[in-house]
Amino acid sequence: MSDNIFEGLDEYLPVDDTIFKDKKPLDHRFLPENLPHRKNQITAIARYWVEALKGTTPSNITIYGKTGTGKTAAAKFAKEQLIDASKDKPVFIRVEYVRCTDFNTEYQVLTHLCQRLGRDVPSRGWTKGEIVNAFRDILRRNAFGRNLILIVILDEVDILLEKDGDGLLYTLTRTDNIAILSISNYLNFKQFIKPRVASSLMDKEIVFPPYDAEQLADILEERSELAFFEDTLEDSVIPLCSAMAAKEEGDARYALDLLESAGDIAIDNGFDKVLGKFVREAKDVIEYNKVKDVVITLPTQQQRVLAAILKLTQEGEEITSGKLFESYKEISKGDAVTYRRIFDFVNELEMLGIISTNTVSKGRAKGRTNIISLQIDTDLLEENLYNLL
DNA sequence: CCTCCACTGGAACCAAGGGCAG
DNA sequence: CTGCCCTTGGTTCCAGTGGAGG
């Protein structure tokens, strides 16, 4: 018998969608054919990069902008265009995109770049110096026959700089034929760059302002044509999504998320049209999932800290670091980490927006302390931390 | 302005994963 | 195979700092 076990199981496939034509355009990683309202920024990049087509190394560029302002998309778009434009030119240009959240030390980025350029190097074991040499060797030797110009896009550089310092930038700026495009969420990331590197970085800056509601609407309009079947969106849906996202600092990613979740909610409720009220529901769903995601992916020790905060909050106590540590020790039952470490955890939790802290000094007798308060719903926390309490 | 104590930055340590010379 | 050196991610240890009540 040659019956295949996958035969006749069509009924288990999801039913054909009556709302979504294709969800991909709603993903923030989707790269559309044009990026509305980012012409200026993209041409700014192109004006610097055009030098590469003439065979000279372009200036270094830094892009600033909050999340969801199209930084990554613009950089990737420029990358595609540059590669395309270089096809019939006597130059060899490589553009490598590196997300510094994935490769967050100098060593890792250089290893990654070497591998991308066809040189197999170990991900551990070598000294930093050996990796740097291997990397420079590739560029020096014109390994690709013609003069190679390498453009490195460092997305979310601030992460790398904070963690590993400016060593990578130092190495890259001191290697010939390399141009850097760094992308940062924060304007102040240069505090991590030492003067000796800053002076050789000599970068040009491009700012990506937040989108306003109208611009967001244009973006959603364009994407929704690709993503939804005709007449499946109530007229109020797109204006609602854009208005809500405009309030969230003009975050296009958030606007797209809202639109997609609203569609999902419509399907779940058996509708074949997305109504305005689903957008409002979508907002809650997204918030909920975001927090849940953060909480459950937290390392155990940090979950315990959070559980301790939750417990104290429920007991109605004002939470100081000292009390928190006591409560934390109780929850960890012996497997506890030092007081010092808790401070780092608290800071990280604050960074994630889960808690807020307020340092007050109570003078001679009490010294300084942090007053910690929870910023999210206690029920939601309880649901996800029940195993620790 | 002193002082106390929670906070903070940095060094140092540890275990795990890996390369390389001998 | 063995010993030694490397990075990484987590931690602990210790010596400062800062700020308002005294």
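Proteins get letters first, then strands, A, B, ... in listed order; numbering begins at 1 in each.
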- Can you check whether A:K24's main-chain N or O pairs, donor with acceptor, with A:D22's side chain at less than 3.5 Å? yes

- Can a side chain N or O of A:T127 be found less than 4.0 Å away from OP1 or OP2 on C:dC6? no

- Under 4.0 Å between a side-chain N or O of A:N370 and OP1 or OP2 of B:dC7? yes

- Report which part of the nucleic acid A:D344 touches: base, sugar-phosphate, or nothing (heavy-atom distance under 4.0 Å, all strands). nothing

- Item | A:W126 side chain near B:dC20 phosphate (N/O to OP1/OP2, under 4.0 Å) | yes

- Message: Students often get this wrong, so: under 4.0 angstrom with heavy atoms, is A:E130 touching a base, only sugar-phosphate, or nothing?
- Response: nothing

- Please work out which of the three classes, parallel, tilted or perpendicular, describes the rings of A:F343 and A:Y339, given edges at 30° and 60°. perpendicular

- Message: So, does A:K163 get its side chain near the phosphate of C:dT8, meaning an N or O under 4.0 Å from OP1 or OP2?
- Response: no

- Task: Return the value, rounded to whole Å, for the distance between atom CZ of A:R340 and atom C1' of B:dC5.
- Result: 15 Å

- Task: Could you tell me whether the side chain of A:N104 reaches within less than 4.5 Å of the side chain of A:D164, counting heavy atoms only?
- Result: no

- Report which part of the nucleic acid A:F343 touches: base, sugar-phosphate, or nothing (heavy-atom distance under 4.0 Å, all strands). base

- Query: Separation of A:N104 atom CG from C:dT8 atom C1', in whole Å?
  - Reply: 10 Å

- Message: From CZ of A:F345 over to P of C:dG9, roughly how many Å is that when rounded to an integer?
- Response: 15 Å

- Minimum-distance pair of heavy atoms, taken over all atoms of A:T43 and A:N40: OG1-O, 3.0 Å

- Would you classify A:T105 as touching base, sugar-phosphate or nothing, given that sugar-phosphate means primed atoms plus P, OP1 and OP2, and contacts are heavy atoms under 4.0 Å? sugar-phosphate

- Rounded to the nearest angstrom, tell me the gap between atom CE in A:M351 and atom P in B:dT8. 11 Å

- Query: Which part of the nucleic acid, if any, lies within reach of A:F325 when heavy atoms closer than 4.0 Å are counted: base, sugar-phosphate only, or nothing?
  - Reply: nothing

- Task: Could you tell me whether the side chains of A:E130 and A:T127 share a donor-acceptor contact shorter than 3.5 Å?
- Result: yes

- A:Y339 vs B:dC7: side-chain N/O to OP1/OP2 distance below 4.0 Å: yes

- Query: Between A:Q301 and C:dT12, is there a side-chain N or O to OP1/OP2 distance below 4.0 Å?
  - Reply: no

- Task: Starting at atom CG of A:N358, determine the distance to atom P of C:dG19, rounded to an integer number of angstrom.
- Result: 13 Å

- Take atom CD1 of A:I371 and atom P of B:dA6, then tell me their distance rounded to the nearest Å. 13 Å

- Item | Nearest-Å distance for atom pair CZ/P, residues A:R341 and B:dG9 | 14 Å

- Between C:dT8 (C1') and A:K128 (NZ): distance, integer Å: 11 Å

